[in-house]
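To start, the structure itself, in structure tokens.
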Amino acid sequence: MPTDDWGFPDSLYPWPRYGCALSATRLPRITQHLLIFALDSCPGNVMTTRASAARLLPFLAWPGQWARYGIRGDLIAGLTVALVMVPQSLAYAQLGSLPPYIGLYAALLPALVGALFGSCGQLSTGPVALTSLLTGASLLPLASPDTPEFLALAVLLALMSGLIQLALGVLRLGWLLNLLSHPVLMGFINAAALVICMSQLPPLVGVKLHNGGQFLADFLNALGEAGNIHLQSAAFGIGALISLTLLRRLAPRLPGVLIVVGTSIALSAWLEFAAQGGAVVGAIPAGLPPLSIPDIRTDAMVTLLPTAFVIALVSFMEAASSAKVISGKLREPWDQNQELIGQGLSKLASAFTGSLPTSASFSRSALSFNNGARTGLSALVTVAVVVATLIFFTPLLWHLPKPVLAAVILQAVFNLLDLKALKKAWQANRDDGVAAALTFVATLSFAPNIQNGILTGLLLSLSLMVYRSMTPRVALLGLHADGTYRDLERFDLAHPHPHVVILRFDSPLSFVTAATFEDATLRAARAQPDVRTVLISGAGINDIDATGLHMLTALVDRFALQGQALAFCGLKKQVIDAMQRDGLWPRIEPHAAYRTEQQALDQLLQDAPE
């Protein structure tokens, strides 16, 4: 009988229960023992299947995917993304008003943790434009950039937003993040992308953008200082932007960002750009960031709570959009709650390594997937390259011109602009179009505090949801030429019979819609001179609450006093069950069990007195 290194038979290991997920990892047996104990200690022994184990610890599924796809794609994708990750990390930290090297810290442990515990292994977690902008914009009123206090607040923001995402994922509340409608999100993203582009134009040409608390006014003031353009900075910035654009169009397979950044460093050192007054990255601490406990300040946490919620919301929406596209192409499931856990833990890792909040980059994730990534191994390769950069190559980054970083940001963020999405929202539904436009305007108006723009959009989304719930579609039906019952007003149809009116109600019958249903039913009772029965076509009623049941009971009594009756057809099982529990069903059952309008109409007319 086969035994392990400790002399125990292999039959003692519950591999059938865990689908050999742990044995495939080739971990030492003692480590496997500890993992089995941890899995068996879960409440209710929920980890009893391979799927459950992989869902809690997604990296356990990697060996199976390596056997299916191999690891070559992961290795190539990891190296390719690393060539973009390093310069983007420096640039996005600058966008967040933080020292550039902080971005490299955010590309280390956070990227590793996100890959290990996220649901989609192809996501590239690290610094991203929107999250960096939100971080910097929210902290500028509280502290001065390039100060220890500013960095401490950024770390605290990473901790808070990570805890929010982790809590939502553990409690399986990921659906709450769906309360933000797509038009509102697109309004915010377009406005935020425009703010990012405008904020990088001054540093692109060597002009300082002052922070006066009102972004648009500050931007106009910077434009008024066009005469103070630093020509060498403008040459580096504009030249880098043109080069990035040409490389992307003419040679998209080449690492354009790395080529431009490397060339800029060489030219900057050769021309002594820093000595001529040009802004450069400067000294970057060599080595890996130390682990440290964030400085927790209650007053700062209260102030930062709205921003932390917005970062948790927006960063996850960005991660979710990438994960949905990738999982759809692979025809593999995606767990939004597990991804919340992964992204939340990633932000916590960022906080404990002294960096800014992170997220999954849409562009880097797409690059990773298109280059063959199938598991989180690609992220581990990217992290290894970043580690090598911090240990061996930081002196080379000293001469990197900051205008070139502005060009990197502009080239990456310009793709976020999608004004056609706002037009489509208006064409699809005027309410959605107005919400998107108002979010866009609010985000620009509140800048640099763009988190207020997304909060405005969130309130608009919830308000529209409540408004639409309170005004469901109600229609009186007539017999169409094709044999179906349709909206008689829209199709210019007649009532099916002088004594019967058919009413269709397309909404759950709840405390929100009960008054609308009652008014519509009473109007239907007066739709013809001699109405004896109002037939409710209930196929669209998929739920009913206590308020709806109370209102229906009152209507049945009222119609009886008026010498009229209520009948129902097409009621769903869950609605009938609620009526049975309430005691209403026995009273209406004789004329409420019809399945179709025609069946109900035939029976009602047959039972009607002459």
Could you walk me through whether Met579 and Leu571 satisfy the side-chain contact (heavy atoms from CB on, under 4.5 Å) test, starting with their C-alpha distance in whole Å, then the side-chain angles of each, then the deciding distance to 0.1 Å, before giving a yes or no? CA-CA 11 Å; Met579 290 178 173; Leu571 289 177; 4.2 Å; yes
Measure the spacing between [atom1] of [X] and [atom2] of [Y] and express it to the nearest 0.5 Å.
| X | Y | atom1 | atom2 | result |
| --- | --- | --- | --- | --- |
| Leu95 | Leu133 | CG | CG | 5.0 Å |
| Arg532 | His497 | CZ | NE2 | 8.5 Å |
| Gln122 | Asn371 | CD | CG | 12.0 Å |
| His550 | Ile544 | NE2 | CD1 | 12.0 Å |
| Ile326 | Ser365 | CD1 | OG | 5.5 Å |
| Phe446 | Ile454 | CZ | CD1 | 12.5 Å |

Which pair of heavy atoms, one from [X] and one from [Y], lies closest together, and at what distance?
| X | Y | answer |
| --- | --- | --- |
| Thr439 | Gly453 | CG2-O, 3.8 Å |
| Val501 | Ala524 | CG2-O, 3.6 Å |
| Val500 | Gln528 | O-NE2, 3.2 Å |
| Ala567 | Thr533 | CB-CG2, 4.0 Å |

Quick one: does [X]'s side chain get under 4.5 Å of [Y]'s, heavy atoms only?
| X | Y | result |
| --- | --- | --- |
| Phe215 | Met198 | yes |
| Ile541 | Lys572 | no |
| Thr596 | Tyr485 | no |
| Phe505 | Pro472 | yes |
| Phe568 | Leu552 | yes |
| Val474 | Arg504 | no |
| Tyr467 | Asp431 | yes |
| Pro498 | Asp530 | no |

Atom [atom1] of [X] with >12 non-hydrogen neighbours under 6.0 angstrom:
| X | atom1 | result |
| --- | --- | --- |
| Lys424 | NZ | no |
| Glu489 | CD | no |
| Arg558 | CZ | no |

Between [X] (side chain only) and [Y] (backbone N and O only), is there a donor and an acceptor less than 3.5 Å apart?
| X | Y | result |
| --- | --- | --- |
| Arg331 | Ser327 | no |
| Thr443 | Ile450 | no |
| Asn337 | Gly174 | yes |
| Ser368 | Ser124 | no |
| Thr358 | Gly126 | no |
| Glu339 | Cys120 | yes |
| Ser469 | Val512 | no |
| Asn190 | Met186 | yes |
| Ser461 | Gly457 | yes |

Sole residue of Gln574, Lys573, Arg581 in side-chain hydrogen bond (donor to acceptor under 3.5 Å, both in side chains) with Asp577: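 Of Gln574, Lys573, Arg581, side-chain hydrogen bond (donor to acceptor under 3.5 Å, both in side chains) with Asp577 is met by Lys573 alone.
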Under the ring-ring contact (aromatic ring centres under 6.0 Å, His included) rule, what do Phe491 and His480 come out as? Steps first, then yes or no, please. CA-CA 8 Å; Phe491 293 96; His480 193 269; 5.4 Å; yes
How far apart are the C-alpha atoms of Arg473 and Asp487, what are their side-chain angles, what is the distance that settles it, and do they pass the salt bridge (Lys or Arg N to Asp or Glu O under 4.0 Å) test? CA-CA 11 Å; Arg473 178 167 175 75; Asp487 187 337; 2.7 Å; yes
Walk me through it: do Arg364 and Val128 pass the test side-chain contact (heavy atoms from CB on, under 4.5 Å)? CA-CA 10 Å; Arg364 292 198 304 267; Val128 297; 4.2 Å; yes
Would Val531 and His499 count as a side-chain contact (heavy atoms from CB on, under 4.5 Å) here? Give the steps. CA-CA 4 Å; Val531 176; His499 298 326; over 6 Å; no
Per the side-chain contact (heavy atoms from CB on, under 4.5 Å) rule, which among Thr307, Leu304, Leu156, Thr303 passes with Leu139?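 It is Leu304; the other options fail the test.
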Give me the ring orientation class for Trp62 and Phe59: parallel if the planes are under 30° apart, tilted from 30 to 60°, perpendicular past 60°.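 Ring orientation of Trp62 relative to Phe59: perpendicular.
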Residue pair Gln606, Asp602: steps toward the side-chain hydrogen bond (donor to acceptor under 3.5 Å, both in side chains) verdict: CA-CA 6 Å; Gln606 180 179 335; Asp602 292 343; over 6 Å; no
Using a strict cut-off of less than 4.0 Å between a Lys/Arg side-chain nitrogen and an Asp/Glu carboxylate oxygen, indicate whether Lys423 and Asp418 qualify as a salt bridge.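 No, no charged N to carboxylate O under 4.0 Å.
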State plainly whether the residues Arg523 and Asp519 are in salt-bridge range, i.e. N to O under 4.0 Å.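 Salt bridge: no.
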Applying salt bridge (Lys or Arg N to Asp or Glu O under 4.0 Å) to Asp432 and Arg468, what does each step give before you reach the verdict? CA-CA 11 Å; Asp432 285 334; Arg468 289 169 178 169; 2.9 Å; yes
